[in-house]
Structures are given as C-alpha cells and as structure tokens.
Amino acid sequence: MRLLGIIRMANRSLLRNKLRTFLTISAIFVGSFTLTLTNGLGDGLRAYVENQVKNIEAERVMFIRKQPPAAGSAKHNSEPPEYDPDDSDNGDGLDPNAYSYTREQIERIAKDVDGVVTITPQYPIDGEYIMIGESKKYRVELGMLSSGVTQKTEVGRTIDGDDQVVIPLAVARTFDPQIANLVGKRAVIAYKNAAGELKTVSPEIVGVATKGMIVNTNSFVDARTAEAIYKDQKVGNGPDKFYNFSLQMRAMTAEKAAAVKAAFQAKGFEAETLADQKKRTYDAIGIFKIGMNFFAMIALLAASFGIVNTLIIAVMERTKEIGLQKALGLGRGKIFLMFSLESILIGFWGAIIGILSAIVSGVIANRFLVSSYLPSFEGYDFFSFTLPSIVSVLALVSAIAFIAGVFPAFRASKLNPIESLRYE
Amino acid sequence: MLEAVNLSKTYISDGISYDALRAVDLKIDKGERAAITGRSGSGKSTLMHLLACLDEPTGGKVLLDGKDISGLSERERNVLRNEKFGFVFQQFFLNGRETVLENVALPLRIRGWRESKIRSAAKAALASVDLEDKAGKRAKDLSGGEKQRVCVARALVGEPQMIFADEPTGNLDSTTGKLLEDMLFQLNAARGITLVIVTHDPDLARRCGRVVNVKDGRIETDLGAKGEVR
C-alpha cells in the first residue's frame with residue numbers, strides 16, 4: 001500500500017469515531033494552547049527587554065558594583081573575613097555604606113589592569129525642571145550617561161563630549177513637534193544645590209533619544225555635567241562614595257574583560273560588560289520560560305495518555321478489521337504506520353488548533369492589556385509568536401503524539417490474522 | 001496446482017501440545033473446486049489456513065505450481081496472498097461505514113494501485129456479482145446476501161488464481177446461500193478460478209464435486225465428483 005493510501009485510511013478511521021477523536025484532540029489542544037501561550041509570553045518578554053536595551057550600547061565599558069553578601073547561614077559557616085581597610089562592610093551585609101566606595105578605592109584595584117582609561121562613578125543627580133528659551137518649565141528626570149555608553153537617537157547624535165544633553169522623545173515633542181529643530185539649542189536644566197537653592201546648567205541638546213524603557217523618561221547629561229551637579233548638591237557631606245562605577249577601556253576583548261573581572265572579583269566586586277548584563281537578563285527569561293513550559297508539558301503528558309487510551313480502544317475495536325487487512329496482505333509495518341499516523345494526526349490537529357487559538361487569544365490580549373493596563377508600554381507585545389517557536393511546538397506535539405502511539409500501533413501490528421478474524 | 005506435502009500443524013498452549021493436522025498430503029488442480037468438510041475441531045480450518053498461507057506449518061510444506069510457499073518470508077506471503085488468493089469468510093468482515101466500492105477496493109489499496117485503476121477494477125468486480133448499482137451505498141445498509149456478494153467481489157477484484165471460502169453460506173438462508181454458491185461456481189467455470197470451500201453443509205460439498213473429509217487432523221476420505229477415490 002502506498003503512503004498516500006495509508007494516510008487516507010488513517011484519516012478515515014479517525015473520522016469514523018468523530019466524538020472520540022474530537023475529545024482526544026481537545027486534550028492535546030489544551031496542552032498546545034498552553035505551550036504556545038507560555039512560549040509567547042517568554043518571547044514577548046524577551047522582545048520587550050531587547051527593545052529596551054537595544055538603544056544602548058557600551059562596547060568598551062565595564063560596570064562595577066559590589067557583589068551582594070553571602071546568605072546568612074553560608075556566612076556563619078565560613079571563617080570571618082580578614083580586615084581590609086578599603087572594605088567598609090561592617091560584616092552584617094546590611095550597611096548601605098558597605099556597597100559604596102570612593103573613586104580612589106576602585107582606582108587602586110584597577111591600577112594593575114592593563115588598558116583601563118578612566119573610571120567614572122555613576123553620579124546620582126536630581127533635576128527640578130527643564131526649559132528651552134522662554135518655554136514653559138517641565139519636570140525633569142535627570143540621568144547620567146557614562147562616557148563610552150551610547151544611546152540611539154531619533155534625531156541628532158548621542159553624547160560625545162562635555163556640556164551636552166540628550167532629551168527623551170516625549171519631552172522633545174512637547175517643546176516642538178518638529179523635534180529636529182531642537183538639536184543644537186541649549187536647554188536650561190534646574191536643580192537644587194545642597195543649600196536648597198535653585199541652580200541651572202545649560203547644556204547643548206545634541207539629540208533626541210529613541211523610545212525605550214531606560215531612555216523613555218530620563219534626560220541624560222554627560223559625566224562632567226553630572227559630576228558638577230552632584231558636587232553642588234552633595235557639598236560637605238563627607239567622602240564621595242558611590243554604588244556603581246563604569247570603567248572605560250582602551251579596547252575591549254574577551255581577554256581584557258576577563259582580566260578586569262578577575263581583578264575585581266578578587267576584591268569582592270562584580271564587573272560586567274553590557275553584553276553580560278543583557279545575557280543575565282535573557283538567561284533569567286529563559287529560565288522563566290522553561291518554568292512556564294514545564295506546566296504546559298504536564299498538560300501534554302496527560303493528553304498523551306489520552307492518545308494511548310484512544311488508540312488501544314481503537315485497536316480492540318478494529319481487531320477484526322486488522323485481521324482482514326492482514327489476511328489480504330497488508331504487512332505489519334504498514335499497520336504500524338497506519339496507527340502511528342492516526343496518532344500523529346491527532347497530535348498535529350490538536351497542535352494546529354491549539355496554536356491558532358493561542359495566537360488569536362494572544363493578539364486580543366496584547367491589544368486589551370496594552371490599551372487598558374500598560375499604556376506606557378505602547379508598541380510592546382505581551383505575547384509574541386515567532387515562527388520558530390510555533391514550528392517547534394507543532395513538531396514537539398506531533399512527536400509526543402507519535403511516541404504515545406508507538407505502543408498501540410505495535411500491538412496492532414503484531415496481531416495474528418487468524419486469531420483476529422475469530423475475535424469476538 | 002496447489003499441493004500439500006506431509007503437512008502438519010501442532011499448537012502448544014500451556015505446555016500441552018495439540019496436533020491439529022497430522023501429515024496431510026493433498027493435491028488440488030488448477031480450476032478444480034474442492035470442498036473441505038469435517039466436524040468442528042477436525043482440522044479443516046487449519047488445513048485451509050495453511051493452504052492459504054495464513055499460517056505457518058510446523059511440518060511439511062505447501063507448493064503452489066511446484067514452488068514451496070510455506071518457507072516464504074512474511075512479506076513474501078503477504079504479497080502472495082494479495083496477488084494470488086481471494087478470501088470469502090463466514091462473517092463478512094465488511095466495514096459497514098464505508099461504501100461498498102471502498103470495501104471491494106481494499107485488496108487493491110493494499111496492493112498499492114493507482115486510484116483510477118482501483119475504482120474501475122472495483123466497479124468491474126461489483127458488476128460481476130450484479131451489484132454495480134450499490135457501489136455508493138454504505139455496506140451496513142445491504143442485506144445479508146448482498147453483503148456476501150460484496151465479499152465475493154472483494155475476493156475477485158485482485159484477479160486471484162484461487163478463492164478460499166470459509167463457510168461462505170453459513171450466515172445465509174438456504175435460498176440466498178444457493179444463489180451465492182451458483183455465483184462462485186459460475187466464476188469457477190467462466191474464469192477458471194480454483195475454489196477451495198470449507199463447509200459442513202453436505203449439499204454444498206456435494207455440489208463442489210470433490211469432497212475432502214478431514215477427521216482428527218487427517219484426511220479420512222478424498223472423493224472425486226464421480227465418487228472415485230483421489
């Protein structure tokens with residue numbers, strides 16, 4: 001018998017018992033639906049994060065921060081750390097000072113590492129308002145862009161010198177719908193100094209940032225401007241200690257990055273490139289996705305027992321039919337193939353219906369959720385359905401169905417024709 | 001010519017062996033019609049299953065036109081049954097939800113013919129049992145006699161050289177049974193298809209001409225049409 005003939009017979013057998021086939025397909029449908037949705041959620045999350053971070057690049061920069069302390073019990077079981085005059089940790093891991101350092105402390109660690117150009121603290125700065133010329137004053141959220149870090153801009157360019165600012169798209173549009181007109185103008189940015197007096201700086205607007213999470217609302221100034229504002233705001237408040245530092249390298253290679261990491265790790269610091277940070281986030285999403293898919297897989301596992309059950313009943317019901325087919329010359333292999341195909345078809349149709357329903361629900365949910373609950377995430381899809389993930393769900397479910405069908409199909413194939421014809 | 005040489009079959013169940021057939025020799029000529037009779041449990045069905053290559057003998061061999069067919073592989077036996085033999089069973093073994101035509105087409109589907117060829121051959125087979133007008137009906141909607149004629153058409157569709165019929169009239173009343181017998185004999189006469197009919201109906205056996213009577217796994221008598229010993 002030809003393959004086409006076997007497919008045709010498998011299909012007819014499935015249609016002969018529509019209700020049973022439908023119920024078995026329904027179980028598979030639930031599993032595929034869940035799997036497609038959880039995959040879509042993971043992919044959507046990843047696309048969202050990608051969308052957020054793609055606007056920022058920092059090829060030759062490493063970010064330094066103190067590693068979080070070991071969990072309590074681990075600390076109790078280890079020897080007390082040796083005294084280190086540079087380490088301000090008092091030992092309980094709760095002192096915020098334990099995570100902040102002066103630039104000199106960091107420089108001391110980095111002095112032996114080849115290729116480090118500068119070390120910049122991440123200056124925490126607070127802005128009050130922003131205006132351009134005689135415009136209205138708008139509330140400003142101020143941030144600092146370390147040198148070496150670049151951000152994508154709608155118009156203009158990223159910060160590449162001192163006394164510069166890149167403003168977010170929404171702010172720019174408020175000032176002038178023709179945002180290109182703003183580039184080259186000077187913005188007036190006000191902040192409060194340590195005495196509580198309003199002071200202003202007026203950096204040049206070099207660009208308008210492309211939309212994205214981090215650059216969505218902040219106006220970014222260069223490191224020198226940030227330093228000036230910081231010093232004015234924090235004057236007389238003891239040593240200048242910071243939580244985060246960025247390290248500008250002359251050139252970045254894997255070996256250089258590893259050397260920096262090793263030097264800082266030895267002192268209990270974490271040194272990461274932007275790529276590391278992205279990877280860490282993607283890994284977390286990956287684990288989240290695996291966790292979610294685990295539940296979908298449980299549903300599929302349950303459904304696969306449904307397939308086994310359905311096919312075993314089908315084999316019993318069709319014992320005589322199989323006996324006749326064998327008597328008339330249909331080989332074992334073909335019988336096995338026919339039942340396997342029935343199984344795969346159940347899986348295939350369950351997966352198709354599940355995937356399509358998941359996509360429809362996902363698209364509706366995207367619209368509904370973004371418009372009702374997450375308006376600031378405009379342009380972001382909660383559920384994202386990619387072709388590779390859809391194809392892999394289809395292939396996976398069909399494969400599970402095939403495996404579920406192996407046992408019943410094998411039973412059918414080894415039936416003895418004479419005994420089957422006598423079967424009551 | 002179909003020939004059994006020293007054919008035996010022993011079943012073993014729960015450690016007890018049972019000789020269903022003991023060293024049987026039998027020759028059936030091409031175009032002949034032979035009835036195999038005997039009480040139930042005599043071994044007549046086993047003999048037919050072995051002759052038709054549905055089962056493997058534990059001893060001896062079956063020769064078809066001088067070629068040993070009992071030693072063939074399963075695959076080869078499948079092809080042989082499909083191409084050389086037709087089968088009619090007491091229970092019809094029709095797929096009630098499928099059309100009559102589809103039921104008749106089964107042996108050719110198994111053979112792997114083209115769809116158009118299958119359909120025309122199945123229609124021709126239905127015509128030779130006078131059922132061409134029922135081709136599109138579902139098999140379950142036919143009467144008993146019609147169903148068995150569909151089975152004959154199914155046995156016929158592959159143009160076999162032999163038809164094995166196991167109690168073909170067992171489920172039919174005597175009138176329709178007679179009609180079916182006539183049909184089988186007519187096919188035998190017109191096309192030279194060898195008939196091997198397993199039956200315990202003495203009338204049918206007599207009409208066949210040659211009667212092979214099986215008892216306790218042995219051939220007790222083997223009489224030709226004129227009562228001569230074969």
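The figures that follow rest on heavy atoms only: side chains count, while hydrogens, waters and symmetry mates do not. All values reported here derive from a predicted model rather than from experimental measurement. Throughout, protein chains are lettered first and strands after them, A, B, ... in sequence-line order, and every chain is numbered starting at 1.
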Against chain A, label [X] side chain, backbone, both or neither, depending on which of its atoms sit under 4.5 Å from a heavy atom there.
{"X": "B:Arg75", "value": "neither"}
{"X": "B:Glu98", "value": "side chain"}
{"X": "B:Arg154", "value": "side chain"}
{"X": "B:Phe89", "value": "side chain"}

Chain B contact residues among [range], heavy-atom distance under 4.5 Å:
{"range": "residues 12-27 of chain A", "value": "A:Arg12, A:Arg16"}
{"range": "residues 282-303 of chain A", "value": "none"}
{"range": "residues 308-316 of chain A", "value": "none"}

So does [X] have more than 12 non-hydrogen atoms from other groups sitting under 6.0 Å from [atom1]?
{"X": "B:Asp216", "atom1": "CG", "value": "no"}
{"X": "B:Tyr11", "atom1": "OH", "value": "yes"}
{"X": "B:Trp113", "atom1": "CH2", "value": "yes"}
{"X": "B:Lys84", "atom1": "NZ", "value": "no"}
{"X": "A:Lys279", "atom1": "NZ", "value": "no"}
{"X": "B:Glu159", "atom1": "CD", "value": "no"}
{"X": "A:Lys320", "atom1": "NZ", "value": "yes"}
{"X": "A:Lys278", "atom1": "NZ", "value": "yes"}

When only pairs under 4.5 Å are counted, which of B:Leu108, B:Asn82, B:Leu80, B:Asn78 shares the most heavy-atom pairs with chain A?
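Highest number of heavy-atom pairs under 4.5 Å: B:Asn78.
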Toward chain B, the part of A:Arg8 with a non-hydrogen atom under 4.5 Å
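Interface part for A:Arg8: side chain.
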For chain B, which of A:Leu4, A:Leu328, A:Asn416 has the most heavy-atom pairs under 4.5 Å?
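Maximum pair count with chain B is reached by A:Leu328.
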Shorter than 4.5 Å, heavy atoms on both sides: which option in A:Gly333, A:Ala327, A:Gly323, A:Pro417 has the most such pairs with chain B?
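Maximum pair count with chain B is reached by A:Ala327.
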For B:Phe93 against A:Leu421, the heavy-atom pair lying closest together
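It is CZ-O, 3.1 Å.
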Less than 4.5 Å apart, any side-chain heavy atom of B:Ile110 and any of A:Met9?
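A side-chain contact under 4.5 Å is absent here.
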Using non-hydrogen atoms and a limit below 4.5 Å, what part of residues 30-60 of chain B faces chain A?
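Result: B:His49, B:Leu54, B:Asp55.
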Atom pair CG (A:Leu330) and CZ (B:Arg81), whose distance is rounded to the nearest 0.5 Å:
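Rounded to the nearest 0.5 Å, the CG-CZ separation comes to 10.0 Å.
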